[in-house]
Each structure stands twice: as C-alpha cells, then as structure tokens.
Amino acid sequence: MALAETKNQGSRYLNRDLSWVEFNRRVLKEAKDPETPLLEKAKFLSIVSSNLDEFMSVRVAGIQDQIRAGYTKKDFTGYTPDGLYQRLISRISAMVGEQYRTFRDLSRQLAKENIVFLKYDELTSTQRKSMETYYHDIIFPVLTPMAVDQSRPFPLVHTGFVYLSVVLEREKEARKPDGEEEKEPYFAIVQIPSNLSRIIPLPHHSNSKKQSFILIEELIRHHIQTLFSGYVSLAVHEFRVTRNADLAFDEEGAEDLLEEIEKELRKRRWGAPVRLEIQKGIHPYALEVLKEEFEITDAVFEIDGPLDLSFLGKLPGVVKGYPKLRYPQIDPVYPREFEADDDFFEVLKQGDVLVYHPYESFDAVTDFISQASEDPAVMAIKMTLYRVSGNSPLIRALARAAESGKQVTVVVELKARFDEERNIAWARTLEKAGCHVVYGLVGLKTHAKILLVVRQEGRDLRRYVHVGTGNYNDITARLYTDIGLFTTDSAIGEDASQLFNLITGYSDAGEWQAFTLAPTGMKDKLFALIRREAEHAAAGRPAKIIAKMNSLSNQEMIDELYAASQAGVYIDLIVRGVCCLRPGVEGLSERITVRSIVDRFLEHSRIYYFENGGEPEVWLSSADWMTRNLTRRLELMCPVTKPETREALVQILMLSLSDNVKAKRLVPSGKYEPVSGSQPVCRSQFDALDISVWKKGEPPTPI
C-alpha cells in the first residue's frame, strides 16, 4: 500500500524528543489545574522535575554526543542533532520557567491554607532555638566544605545533588584600606546532605493550625560561617549538575555481567556534564568557575527558586491532616475471583482471572507466589524481574521457595536504567537463598513480564501463568495502571516454558503457539495484524484498531498505520507520552485519532485491539511501539482468548476513549487540546474505581 507523499517528508512525523517535552507539559498542566488538590499539585511538580532529570541525562546527553561526534544527518522527522538540540533547550527553558511560576503560585495557595515554607529571618525565637540545635547536632557533623584552589582541585560533583557555591574572602582582607587592589575571591562548595530530609518541620503551638517548614539548604546557608572560620562569605547560592547517565560496556566480552555493570555504575559519577542549574542571582565569580569546570555554556538554567523540585513529592507525607488538599484515598479491592476461594490453584482451574491495578490489589500476585512457595505440590517457579521495590515481598517468597527445595529461576534485568544497583542487590540475595539467577540474553534487555508456576497434580504437571503489562513491583502497582492475566491455558503455559528455556539455555525459539516475542517476530506480527485490518476494510468488512501504549515512535509502525488509515481503517490510539505519528492529516491519517491521559495514576498498560472482520482479537503486551522495544528488548505479547476477560479489556479501552475530563487530543500541529463537546462526563481513572464498569461479564459496548 503506497503512502501519501508530502512536500516535506519530515512533516509526516512528529519528533520524538519534542513530543516528550509536550508530554511533560501535560504533567505540568496537572499542577496548574485549579481542580487538582494542592498537595497533589506538589506531587505533579515533583514528577515534572524527575522526568526532566532523566530526559536530560539520557536523551539530551545522547544528542550532545552526536553533536560532539560531528554527526549532521537529519533524522526521519527532519531534524539534525544540532537543530534539535537548540529547539529542545529553548522549549525546556520555557517549561522550567513555567514550572517555577507554578511553584510560586502553589506556595501562595498553600500559605492560605496555613502550610508555609519560611526563610530563616522569618522564624520565631522558639523556632530559631530549635533550628540552632538541629543544625549543630544533626546537620553540621555531616557537612564537608570543599575548597577549590591551586592545591585542591575541583572535587567530584555528583549528578543530581544540590550543592552550595560559596564565594569568600579573608576577614583581614575584608577590612582592606580604600584604594587597595581587589584580590580574586576564594571559592568552595558544600554538598547538601542527601541522607537528611530536605523538608524540616518547624515547631509550632499545639493550638495553632499553621504547619511551617524550612528547607535544609536555608539552614546551612544561614550557618555557612561555621564551616569557614577566618573567612567572610560574600555569596552563597545553589547549583546542580546533571551528567550523562548512559552505561557503555562490552556485554559480550564481559565474563561477569554483574561485576561489569557495577564498574560502569561507578563510572556514571564521572559522566560528561549535560546541564548546569544555578540559583538566580548567583555571584558572577561562582558562575564563571562553574561554567569553566563543567565546560557548559548553553545548557545553563537560571532558577528562580529552590533547585530540584522533586523534594515536593515528600511534602504530602510530612504535612499532617488536610484531607481536602489530597485526592480521596483509594484502597485497592482484592480480586473478587480470589476472595471466594483462597486457593489460587482451584480458582484458576475454573478459568482465567484478569486483574486491573491499582483498582485491584497487587496483593493477589504476591499471595499467589507465597502460596506457590509453600505448596508441596509446586515443583518450579520461574519469573522475570525488571524493576522491584526496595522491600519486595516477592523476593522473600522466592527465597523461601528455593530454601524449601523448589526449583526457582529468576531472570533479573541488571540493565534497567537507574535501578541497576537495586537489581544487583536483589540478584545476590536470591542467589544466596539458592535461586537460579540469570541476567537475560546478551545484547537485549529482558522487559517481558511473566511468571510461571509448575505444579504436580496427580500424574500430570499443570502450568499456571501470570502475564503482565507492568513490573512486579508492589509500590508502583499502587501508582500505575497495569493489567495482569492469570491463566492455565495450555498453549500459553507451553510457550511460557519455552520462553524461559530460551532465556536460560541454548534453546531455539521454534514455533510459538500463543506468544509473540520481540525482537524476533513482534514487529512483523503487528504489521500483519494491521495489514489484515486494511484488507477487511477494503472488502467492506468491520475493520478497526485500538491501541493503548506509553509511546509510539517507530517509523515503520507509523507508516503501517498511515497505510491502514488510507485503506479505510479507523484507528484510535491512546498514547500517554511520546507520539511521532501526526493524526488527522488529509490523505495521510484522517482516520487516526490520538489521545493522551495524564491523571492521578501513571497510565502504563499496553492493550492492542483488532476488529478482524467482526471476530475481535485482543492482546496484552510489555512492549510499546518504539524501536527499542521492537528491536533491542526481549518483549512479550500475549493473546487474551477467553470472552469474559477479552470483554473486560474492551471496556477498559472504551473508558479511556470516553474520557473527556483528563484526556487531551493530539492535533496535526503536534499540540494537545482538551477533548470537548462529549457527554456524559467521564474521568476514566475515577470511573474505573467502580469495578463493575469494566468487569461485569456482559457484552462489551459496540466499537
């Protein structure tokens, strides 16, 4: 199928990185929305900062590497690295300015509710006395002033940490006679301790409604003379450096992947500086020293406020009370299928169980593994771990299973970005307990989410499988929307065994009965499914695609969707973050809609629906439609075949498509606009709290 041509090939696509900036703007809009509770606004501002840190250290760092290497070729969206970099810095600067205006507005709104951040000179005498004690007893012993001069080179500045730049002069020099030549000032830095809370509650009268706080850097700034006796501080300002976080190592040549990654993690501390953030009003000499040391001239962001607003994510935890300033508490319900019978194996023999997090509790997954670890009939447990929480009950259950003599195999992905150190620790814990720990396939990240339990039942072995769209992480399961499927389907069970043999041994992939895997066949399978819809449309049969994912950036996939649109297929895409497809372009994509939902929870599930001429197929997957997922990761796509579970997934998709409160529609220009004009009001994440809306076992709403 020929694709419609445009005058500018790049205009057919939106740029991935510029699309990401638009996504982070949508997160920022939640912090600006008058309907968002104030303490939840603080969380969204925190997320904007954390998102931007990762984007700068990975994506922008990669573009800088291309520029330094002299790479000038345009990407498929029409941008050279240098042109894209300049556009990104401009847009990010504007977004950061908007973020801090939002922060100042939030501070004023919180103050009206008697939640205030104070400067040191605003403290009462009682508060000052308390903070004097806190500084001298708790903060001062941890601080290390680091001077910079001819005998003391510039110390290592860790990525992401807030530091104070201190410009000094000697006390004697401070009283020099008039007309004497100015001497170059002295310079030092002080790291703000990362192991102490940045938000410090201040004492208040028991009958007072006001809750006051001070930031730790404000205390240190006020007491800076305690660190530099004999000197006078001329200026004290915050700064922060973001470094390139890419890990570069020879995976094939590494004798021990775990040790190799540990070495690279240590090198990450020395990654090339990507961004320098400085506090507004910084002393010119300090700025000159910092820019020279970090060799940064263009990615310098002057911040009017405290650096690194990610600390605001902790604010709801330190503020006491104020339920009206928070979202209503949500307690995930236990899946009703498992409530009636606490024997998971008996329940699953009766049929599949679909679990939708965070509305349904992740405890069902941990309880299933716990039961399997203690059941004498269970012979083996195998699972993949990509990102695991700091105190994961899954790890403890797997360790118990291994210690009781069961065959336990765990595929731990050591290359999960920014979780490498935690995963290394878990790998060692599991190995000590007797688990077989493997680190996946050379050259590929294992991103598939799957759990296999093999149980002896009479003379037969039965396989119980859990396939998910999200990580086996009990913490993020309360914050992300994800789908998990429990099944005893024989085809899925056999494929699960084959998949683990592929990862742990030398087995060839062979033929899959149910699964589709990346990088070996998923892209081709998806292309075939999309082209089949085009054939149905051409023949006048029902044809439709609904795809829910986090990101869409693979050029070939976008071209296939364009071709299907031209063939008459209506396509609804629900893409939370990056989307390089330009919808609604006449002759190219007029039958394609794209919407993004940013709300209380992080949309994370991947669900793919194909109408198939009136015989719908629905798939769950760990993979987004990005080049890295389709070509450089071990990903899994699993069919959902039971009518009642398939219908529940259709209802979840319909909820997303019906959202007219938090959904934003992507228009051809690349901007996102509110979805408007539709009734009744639907806020999908809140409507999903009523489990019966999507899990009622009735025929789905017609698509």
Side-chain angles (χ1 to χ4, degrees), residues 330 332-341 344 347-365 368 449-451 464-470 477-478 480-489 491-492 514-515 529 542 544-549 572-574 576 597 599 601-612 614-622 636-659 663 682-703:
I330 291 178
V333 301
Y334 208 79
R336 66 189 182 201
E337 295 89 343
F338 297 133
E339 270 192 333
D341 190 336
F344 284 83
V347 172
L348 294 177
K349 287 176 188 176
Q350 308 306 312
D352 294 355
V353 175
L354 190 79
V355 181
Y356 189 16
H357 310 299
Y359 313 104
E360 293 184 300
S361 176
F362 189 77
D363 289 348
V365 179
F368 174 62
K449 327 293 185 185
I450 185 168
L451 163 65
Y464 296 82
V465 179
H466 175 274
V467 175
T469 65
R478 297 180 68 92
Y480 298 2
T481 68
D482 269 310
I483 306 291
L485 174 68
F486 291 91
T487 183
T488 59
D489 181 280
I492 290 176
F515 289 170
L529 292 171
K544 188 172 185 64
I545 297 171
I546 306 176
K548 184 177 185 299
M549 67 195 80
D572 289 320
L573 302 175
I574 308 157
R576 181 197 76 213
I597 298 172
D599 202 349
F601 303 118
L602 182 77
E603 292 288 335
H604 196 252
S605 56
R606 292 94 165 183
I607 309 170
Y608 304 131
Y609 173 97
F610 299 91
E611 179 63 31
N612 189 30
E615 298 180 4
E617 290 186 4
V618 182
W619 300 74
L620 289 179
S621 183
S622 61
L636 173 62
M637 191 166 78
C638 176
V640 179
T641 57
K642 300 297 189 292
E644 59 274 17
T645 49
R646 188 171 63 233
E647 290 162 6
L649 288 173
V650 171
Q651 295 291 359
I652 291 170
L653 290 173
M654 293 308 299
L655 263 180
S656 295
L657 292 174
S658 301
D659 193 308
C682 175
R683 187 173 179 179
S684 58
Q685 290 193 0
F686 281 63
D687 289 357
L689 289 168
D690 182 357
I691 304 298
S692 65
V693 168
W694 55 271
K695 199 174 189 179
K696 54 189 177 182
E698 297 177 3
T701 304
I703 294 179

Over all heavy atoms of both residues, which pair between [X] and [Y] is shortest? Give the atoms and the distance, please.
X	Y	result
Pro358	Ala477	CB-O, 3.2 Å
Ala688	Trp694	O-NE1, 3.2 Å
Ile492	Cys638	CD1-SG, 3.7 Å

List in chain and number order the residues that pass ring-ring contact (aromatic ring centres under 6.0 Å, His included) with Phe601, two or more places apart in sequence or in another chain; answer none if no residue qualifies.
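Listed in chain order: Tyr359.
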Excluding sequence neighbours, so at least two apart, what forms ring-ring contact (aromatic ring centres under 6.0 Å, His included) with Phe368?
Phe344, Phe345, Phe486
About how many Å separate [atom2] of [Y] and [atom1] of [X], when rounded to the nearest 0.5 Å?
X	Y	atom1	atom2	answer
Leu653	Ile607	CG	CD1	4.5 Å
Leu529	Phe610	CG	CZ	4.5 Å
Tyr609	Leu649	OH	CG	11.5 Å
Leu602	Gln685	CG	CD	8.5 Å
Thr641	Trp619	OG1	CH2	10.0 Å
Lys642	Leu354	NZ	CG	12.5 Å

Test salt bridge (Lys or Arg N to Asp or Glu O under 4.0 Å) applied to Glu339 - qualifying residues, sequence neighbours left out:
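In terms of salt bridge (Lys or Arg N to Asp or Glu O under 4.0 Å), with neighbours along the sequence ignored, Glu339 is linked to no residue.
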Once salt bridge (Lys or Arg N to Asp or Glu O under 4.0 Å) is applied, do any residues pair with Lys449, and if so which ones, sequence neighbours excluded?
none
Is there side-chain contact between [X] and [Y], with heavy atoms separated by less than 4.5 Å?
X	Y	result
Arg336	Glu360	no
Val467	Thr487	no
Arg478	Pro332	yes

Mind checking what makes side chain to side chain contact (heavy atoms under 4.5 Å, CB included) contact with [X], not counting sequence neighbours?
X	result
Asp363	Tyr334, Ser361, Thr366, Asp367
Ser621	Met522, Arg606, Tyr608, Ala623, Met637
Ala663	Ile597, Asp659, Val675

Only one of Ile574, Thr469, Leu573, Asp572 passes side chain to side chain contact (heavy atoms under 4.5 Å, CB included) with Lys548; say which it is.
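Exactly one candidate clears the test, Ile574.
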Return the set of residues passing side-chain hydrogen bond (donor to acceptor under 3.5 Å, both in side chains) with [X] (not counting sequence neighbours), or none when no residue passes.
X	answer
Thr488	none
His466	Tyr472
Arg646	none
Glu337	Lys695

Assess, by modelled atom type and distance only, whether the side chains of His357 and Asp482 contain a donor and an acceptor separated by less than 3.5 Å.
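No, no side-chain donor-acceptor contact under 3.5 Å.
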If you count the non-hydrogen atoms of other residues, nucleotides and ligands that lie under 6.0 Å from CZ in Arg683, is the total more than 12?
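Yes.
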